[in-house]
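In what follows, a structure is listed as structure tokens, so that the remarks can point back to it.
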Amino acid sequence: AYFPYAFVGEKDRATKTNLTIENGDRVAVRVRVTNMARAAKAYVSGSMTVDATLPEMVEIRMRYDVEVQTIRAEWDFVDPESGVVGYGHNVQKIDKPGEVIYTELSAQRTVNVSSQATATSISVGEDLVEGQMYLVSVKCMNYAGGISYATAAVTVDSTPPVTKQSPGDH
């Protein structure tokens, strides 16, 4: 739908409210500039997709890799409307089980991405403590500024599994 031009004088910006647009609609702005001699020229912006939804976390996976003594976290986010612009993450050590007291192991990091579906990961290995639980928090932002969060925990456990022999097994 096109809306008639609105006179805004010599302003370099304007706001149009009460538009009938929905999530997923593509919109563009058309501006007509007229000089004092009444010569006019129209300009059209690039289009954008209206995105009222947040990025969706598809999956978050965590594990402790005993061989290289690192925590590995992998995650997938998608945003079909405007796309994923970036993500941030941090790793925290839970100092007291049952209490919300954390020591941050990695600073919040933000990384820009360019694909619609983003599978990404981190590895943390310095100063991990046997038996300690660690929390990885990930945030994902779409081009519309919507942010989703995901969190997963893993405990450092390098002890091998124990098997019991049945009577008669040799």
Side-chain angles (χ1 to χ4, degrees), residues 1 15-29 44-166 169:
T15 302
K16 180 76 174 166
T17 58
N18 298 323
L19 299 174
T20 308
I21 56 177
E22 296 179 5
N23 192 53
D25 286 351
R26 300 223 19 109
V27 296
V29 176
V44 178
S45 72
S47 65
M48 64 171 242
T49 302
V50 175
D51 187 352
T53 63
L54 299 176
E56 180 183 338
M57 185 201 53
V58 177
E59 183 177 17
I60 187 166
R61 299 168 302 282
M62 295 243 330
R63 67 183 173 89
Y64 175 68
D65 188 332
V66 176
E67 290 180 19
V68 291
Q69 298 180 342
T70 60
I71 293 173
R72 181 150 176 88
E74 301 173 346
W75 55 88
D76 299 314
F77 283 92
V78 294
D79 190 293
E81 288 83 18
S82 65
V84 171
V85 68
Y87 67 90
H89 67 272
N90 68 6
V91 180
Q92 300 170 321
K93 177 177 80 172
I94 300 176
D95 291 327
K96 295 184 180 179
E99 295 184 28
V100 185
I101 300 174
Y102 303 108
T103 301
E104 195 165 309
L105 292 184
S106 70
Q108 182 76 17
R109 293 188 181 110
T110 302
V111 177
N112 291 327
V113 296
S114 59
S115 63
Q116 283 285 16
T118 306
T120 190
S121 66
I122 60 166
S123 292
V124 176
E126 59 269 356
D127 301 323
L128 297 177
V129 177
E130 178 73 23
Q132 180 70 55
M133 182 179 285
Y134 295 88
L135 197 68
V136 174
S137 300
V138 180
K139 73 176 183 178
C140 178
M141 186 166 71
N142 64 18
Y143 278 95
I147 298 175
S148 291
Y149 297 91
T151 302
V154 65
T155 300
V156 171
D157 182 2
S158 59
T159 57
V162 177
T163 59
K164 293 184 179 183
Q165 280 189 322
S166 300
D169 287 346

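Start at 1 with the first residue, then count along the sequence.
Residues F77 and I60 form no side-chain contact, since every pair of their non-hydrogen atoms from C-beta on lies 4.5 Å or further apart. A heavy-atom distance below 4.5 Å is not found between the side chains of N142 and L54. Residues V29 and V44 have side chains not in contact (no heavy-atom distance under 4.5 Å, counting atoms from C-beta outward). Counting heavy atoms from C-beta on, the side chains of V27 and I21 come closer than 4.5 Å. Within the 4.5 Å cutoff, the side chain of N23 has heavy atoms near those of the T53 side chain.
Looking at residues two or more places apart in sequence or on another chain, you find a side-chain contact (heavy atoms from CB on, under 4.5 Å) between I147 and K139, M141, Y149. Legend: residues meeting salt bridge (Lys or Arg N to Asp or Glu O under 4.0 Å) with E59, ordered by chain and number and at least two apart, are R61. Scored by the side-chain contact (heavy atoms from CB on, under 4.5 Å) test, T15 finds T17 as partners (sequence neighbours excluded).
Closest approach of C140 and V84 over heavy atoms only: SG-CG1, 3.6 Å. Nearest heavy atoms, G146 versus P55: O-CD, 3.5 Å. Nearest heavy atom pair, residue Y64 against residue T155, reads CB-O, 4.2 Å.
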(message) Quick one, V66 with Q69, criterion side-chain contact (heavy atoms from CB on, under 4.5 Å). Give me CA distance, side-chain angles, the key distance, then yes/no.
(response) CA-CA 5 Å; V66 176; Q69 298 180 342; 5.8 Å; no
(message) Assess the residue pair E130 and D157 against the criterion (side-chain contact (heavy atoms from CB on, under 4.5 Å)); give the C-alpha distance rounded to whole Å, side-chain angles, the decisive distance to 0.1 Å, and a yes or no.
(response) CA-CA 6 Å; E130 178 73 23; D157 182 2; 3.7 Å; yes
(request) Evaluate the side-chain contact (heavy atoms from CB on, under 4.5 Å) criterion for residues V156 and Y134: first the C-alpha distance (whole Å), next the side-chain angles of each, then the deciding distance (0.1 Å), finally the verdict. (result) CA-CA 8 Å; V156 171; Y134 295 88; 3.4 Å; yes
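To the nearest 0.5 angstrom, I71 atom CD1 is 5.5 Å from M62 atom CE. Between L128 atom CG and T70 atom OG1 the span is 7.5 Å, to the nearest 0.5 Å. In this structure, CZ on R26 lies 11.5 Å from CD on E81, to the nearest 0.5 angstrom. Atoms CG and OG, on D79 and S148 in that order, are 8.0 Å from each other to the nearest 0.5 Å.
Remark: of the listed residues T20, L19, D25, D25 is the sole one forming a side chain to side chain contact (heavy atoms under 4.5 Å, CB included) with E22.
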